[in-house]
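Below is one structure; the comments refer to it alone.
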Amino acid sequence: MHIQQIEIDNFKSFSNKTIIPFEQGFTTISGPNGSGKSNIIDSILFCLGLSSSRTMRAEKLTDLINNASKRREASVSIMFGNTDASDDEKVIVTRKIKDSGASGYGSTYYLNGKVATLTEIHDRLSQHNISPGAYNVLMQGDVTGIINMTAMERRKIIDEIA
Amino acid sequence: MHIQQIEIDNFKSFSNKTIIPFEQGFTTISGPNGSGKSNIIDSILFCLGLSSSRTMRAEKLTDLINNASKRREASVSIMFGNTDASDDEKVIVTRKIKDSGASGYGSTYYLNGKVATLTEIHDRLSQHNISPGAYNVLMQGDVTGIINMTAMERRKIIDEIA
Amino acid sequence: KLNAFLTAFENVDNNFQEIFAELSDGEGHLVLTNPSDPFNGGLTIEARPRGKRMQRMEAMSGGEKSLTALAFVFSFQRYMPAPFYAFDEVDMFLDGINAEKLAHMVKRQSEAAQFIVVSLRKPMLQNSDRTVGVTQKRDGVSKVTGVMLQHAS
Amino acid sequence: KLNAFLTAFENVDNNFQEIFAELSDGEGHLVLTNPSDPFNGGLTIEARPRGKRMQRMEAMSGGEKSLTALAFVFSFQRYMPAPFYAFDEVDMFLDGINAEKLAHMVKRQSEAAQFIVVSLRKPMLQNSDRTVGVTQKRDGVSKVTGVMLQHAS
Ligand SMILES: Nc1ncnc2c1ncn2[C@@H]1O[C@H](COP(=O)(O)OP(=O)(O)OP(=O)(O)O)[C@@H](O)[C@H]1O
Ligand SMILES: Nc1ncnc2c1ncn2[C@@H]1O[C@H](COP(=O)(O)OP(=O)(O)OP(=O)(O)O)[C@@H](O)[C@H]1O
Ligand SMILES: [Mg+2]
Ligand SMILES: [Mg+2]
């Protein structure tokens, strides 16, 4: 069970719809400062509902929509699967945000194409040990955070997984 | 006016008396993790009274004394001068700490070999724009600190130098 | 609830001792500041790089802290394995030798789970199976360029 | 007191605009959140890397934030020049190109002041006049090894 593909559309610096295939094993992502590497990590956090807008460096959710395009909606879709699994064993999680200007904004989750609640997404993912408390996503600066946190905060990490 | 020599004796990981000569221009310090590079920077902060024990990663001042040796005192001496200046134009700042166990500890400053108060040291140094508020010493992690500080804290940096 | 915590703590501590020994050249362990009443205390990390004395994490060098924190994260990851891990530049403080050790550990772990690691460091890139390149032209639009396969070795 | 502050702020802002343009490929300036009553407000940094929109520092990438923060430090250093500067691994977040730009700037600045810079990065080491090596054997005793002179170029 691994990420087979991440589709990023109009999210942060990815104004073009971008499909990135991923394989099992050990993949690195590299490139110049400001090119968009951390934004790919943010897209995973965004899609799977693993964090708040602040940890994706946005003041509010609509800041995550590409700011250079006229289009005021963004979406990220992640396909999970097994190499030898059939297509109906794949799990596709999608999240869209739409900025309706004065009338606010909307965020919708989809599980395999059907609208789902964040709770349904989290339940499905936590069966595979994917959850905010799992720390399976380490953001730029998180290592320093673990070093600098208080002893109490560090103990709470164990509470989360107990 | 530049640092011509730093003499580190029994301070942190420098259990042997170490004399490091410095020249004008651009000097780099390099070596493996944990070898003692930041400790050299700490020795400058310690000697010139530019920080508290916390920013030198010690819980209390006596933690700065080398913990592997029986000797319970440490000192750092910094010689400032000009390349073409005579010996009597040099400025030597020295600081010693002595751990007397149950009876406490003592920290003494010296200016050109004579006992001086921290205020006298600071007055002498601030004539050359060397002071804690000057930020001329950037420690490991300070850049992140400037990024993460609040707008109010950042403005206070300007208050310090106004 | 206390039992659940103590079981988790013990497992994570065992993992930490093993992983820390592998990553650094020393030994470390986790410490509950209030062992009789853990929820009223915290968790600290004590480690002793080889040849040095036991010290609390706060006193270590930048690279040593980084390695210790990573060993800690890997310890509870190993307790609750996830199908994928995504790391964003976790090798910044490490010198060449430690960056290499970390890359080897990720390579070994990647047989059991998928690792997606953002890095600018050669040891990490060279130990990975493939590298996804990200670039931007002057217009600020991110673009994923080809996937570079590393030498199979 | 207000005048002293505004004079300092104006000078630092001018320095920042110049230094930021030199270090990054864009433009930036300092902003007082409360210009009519500065002591009841803060200071934020707005910058626009070339081709991108103006953004507050918090939204930038790791390397962009680092470069911006360094430009800020250099701006008030230039206002109140000190005889020496000591930097401990300030180039950690920077990619190869930005690390090179930073090293060139330090080299130029070092004609007027002494720079002592701890670094593990090649661009920084190669641009310096000399490198002081620090090592430790297994006994944890720090030792300064010879000074390596860079190629004069
Ligand atoms: N909503 C948005 N629209 C367009 N661009 C954005 C948006 N949000 C962020 N960006 C841009 O994305 C860029 C940052 O990308 P990212 O943080 O992924 O860089 P990075 O490759 O991780 O760089 P580094 O190596 O410095 O960490 C910034 O320059 C920022 O201007
Ligand atoms: N009082 C002390 N006595 C002996 N050793 C000490 C003392 N205080 C700190 N140390 C040791 O000094 C070492 C750290 O040195 P320092 O922080 O200078 O390393 P560094 O070269 O900057 O490494 P890095 O590249 O990881 O930042 C630590 O391993 C620590 O154990
Ligand atoms: Mg980044
Ligand atoms: Mg250091």
Side-chain angles (χ1 to χ4, degrees), chain B residues 1-3 8 12-16 18-41 44-45 66 68 80 128-131 134-148 150-162, chain D residues 4-5 7-9 12 32-33 38-39 41-45 57 65-66 68-70 72-73 76-77 79-90 92-93 106-107 110-111 113-120 124-125 127-136 139-144 147:
Chain B
M1 174 71 166
H2 59 275
I3 293 178
I8 307 177
K12 299 195 87 182
S13 56
F14 288 84
S15 49
N16 297 324
T18 307
I19 298 181
I20 313 173
F22 282 92
E23 311 238 6
Q24 301 224 54
F26 181 8
T27 304
T28 40
I29 298 175
S30 204
N33 288 143
S35 57
K37 309 179 294 296
S38 297
N39 288 347
I40 295 174
I41 305 297
I44 298 175
L45 293 169
N66 182 269
F80 294 89
H128 298 277
N129 281 342
I130 299 171
S131 70
Y135 262 89
N136 65 314
V137 180
L138 277 181
M139 301 169 64
Q140 211 164 352
D142 272 356
V143 172
T144 310
I146 294 192
I147 292 163
N148 293 337
T150 65
M152 290 293 263
E153 292 169 318
R154 217 175 282 128
R155 194 218 73 234
K156 291 196 172 116
I157 294 178
I158 308 289
D159 298 357
E160 286 286 318
I161 61 173
Chain D
F5 176 87
T7 311
F9 176 77
V12 175
L32 287 173
T33 59
F39 296 116
L43 189 156
T44 60
I45 305 177
M57 192 164 76
K65 282 176 181 169
S66 198
T68 305
L70 282 165
F72 180 55
V73 174
F76 49 85
Q77 284 175 351
Y79 178 60
M80 291 230 118
F84 79 91
Y85 295 96
F87 295 160
D88 194 349
E89 293 200 42
V90 296
M92 270 192 294
F93 284 95
V106 172
K107 176 116 195 89
S110 70
E111 290 171 26
Q114 177 187 37
F115 280 81
I116 298 170
V117 177
V118 176
S119 178
L120 304 179
M124 197 64 84
L125 302 181
N127 277 284
S128 61
D129 301 322
R130 65 199 77 83
T131 299
V132 170
V134 188
T135 54
Q136 260 184 7
D139 58 4
V141 174
S142 286
K143 187 161 125 69
V144 168
V147 175

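Chain letters run A, B, ... following the sequence lines, proteins first and then strands; every chain starts at 1.
Only the side chain of Phe93(D) comes within contact range of chain B, with at least one heavy atom under 4.5 Å from a heavy atom of that chain. Contact of Leu45(B) with chain D is not made at all, since no heavy-atom distance falls under 4.5 Å. Contact of Met57(D) with chain B is made through the side chain alone, with heavy-atom distances under 4.5 Å. Heavy atoms of Ile147(B) lying under 4.5 Å from chain D belong to its backbone as well as its side chain. Of the two parts of Gln77(D), only the side chain, counted from C-beta on, holds a non-hydrogen atom closer than 4.5 Å to a non-hydrogen atom of chain B. Looking at Thr44(D), the atoms closer than 4.5 Å to chain B (heavy atoms on both sides) sit in the backbone and in the side chain alike. Heavy atoms closer than 4.5 Å to chain D are found in the side chain of Thr144(B), but not in its backbone. Only the side chain of Ile40(B) comes within contact range of chain D, with at least one heavy atom under 4.5 Å from a heavy atom of that chain. The part of Val12(D) that comes within reach of chain B is its side chain, from C-beta onward, which places non-hydrogen atoms under 4.5 angstrom from that chain. For Val73(D), the part lying near chain B is the side chain, with the backbone staying farther off; criterion is any non-hydrogen pair under 4.5 Å. In this structure, no portion of Glu153(B) lies under 4.5 Å from any heavy atom of chain D.
When all heavy atoms of Gln114(D) and Phe22(B) are compared, the pair lying nearest together is NE2-CB, 3.6 Å. The two residues Asn129(B) and Pro81(D) make their nearest non-hydrogen contact at ND2-O, 2.8 Å. Across all non-hydrogen atoms, the minimal contact from Gly41(D) to Met152(B) is O-SD, 3.0 Å. Ser142(D) approaches Gly36(B) most closely through the heavy-atom pair OG-CA, 3.6 Å. Contact between Phe26(B) and Lys107(D) at its shortest, heavy atoms only, is CD2-CA, 3.9 Å. The shortest non-hydrogen separation linking Gln136(D) to Ser13(B) is NE2-CB, 3.6 Å.
To the nearest 0.5 Å, the span separating CD1 on Ile116(D) from CD on Glu23(B) amounts to 11.0 Å. Phe115(D) contributes atom CZ, which lies 12.5 Å from atom CD of Gln24(B) (distance to the nearest 0.5 angstrom). Atom-to-atom distance recorded for Asp88(D):CG and Asp142(B):CG is 9.0 Å, nearest 0.5 angstrom.
With Thr28(B) contributing its side chain and Arg130(D) its backbone, the two residues share a donor-acceptor pair below 3.5 Å.
Side-chain contact between Ile45(D) and Arg154(B) is present, with at least one heavy-atom pair separated by less than 4.5 Å. The shortest distance between side-chain heavy atoms of Ser30(B) and Leu120(D) falls below 4.5 Å. Side-chain contact check for Ile130(B) versus Phe84(D): some heavy-atom pair is nearer than 4.5 Å. Side chains of Phe87(D) and Val143(B) form no contact here, defined as non-hydrogen atoms less than 4.5 Å apart. Side-chain contact between Ile29(B) and Val144(D): absent, with no pair of heavy atoms (C-beta onward) separated by less than 4.5 Å. At least one side-chain heavy atom of Arg155(B) sits less than 4.5 Å from a side-chain heavy atom of Phe39(D).
For the set Gly34(B), Ser15(B), Gly31(B), Gly25(B), the count of heavy-atom pairs under 4.5 angstrom toward chain D peaks at Gly25(B). Across Leu32(D), Thr7(D), Leu43(D), the residue that shares the most heavy-atom pairs under 4.5 angstrom with chain B is Leu43(D). Among Gly140(D), Ala113(D), Pro38(D), the residue with the largest count of heavy-atom pairs under 4.5 Å with chain B is Pro38(D). No other option in Ser119(D), Ala8(D), Gly133(D) has as many heavy-atom pairs under 4.5 Å with chain B as Ser119(D). Between chain D and the options Ser35(B), Pro21(B), Pro32(B), heavy-atom pairs under 4.5 Å are most frequent for Ser35(B). Comparing Thr150(B), Ile146(B), Ile3(B), Ile41(B) by how many heavy-atom pairs each has under 4.5 Å with chain D, the most go to Ile3(B). Chain B forms the most heavy-atom pairs under 4.5 Å with one residue out of Asp139(D), Val106(D), Thr33(D), Val117(D), and that residue is Val117(D).
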Verify side chain to side chain contact (heavy atoms under 4.5 Å, CB included) between Asn66(B) and Val141(D), making sure each step is shown before the conclusion. CA-CA 9 Å; Asn66(B) 182 269; Val141(D) 174; over 6 Å; no
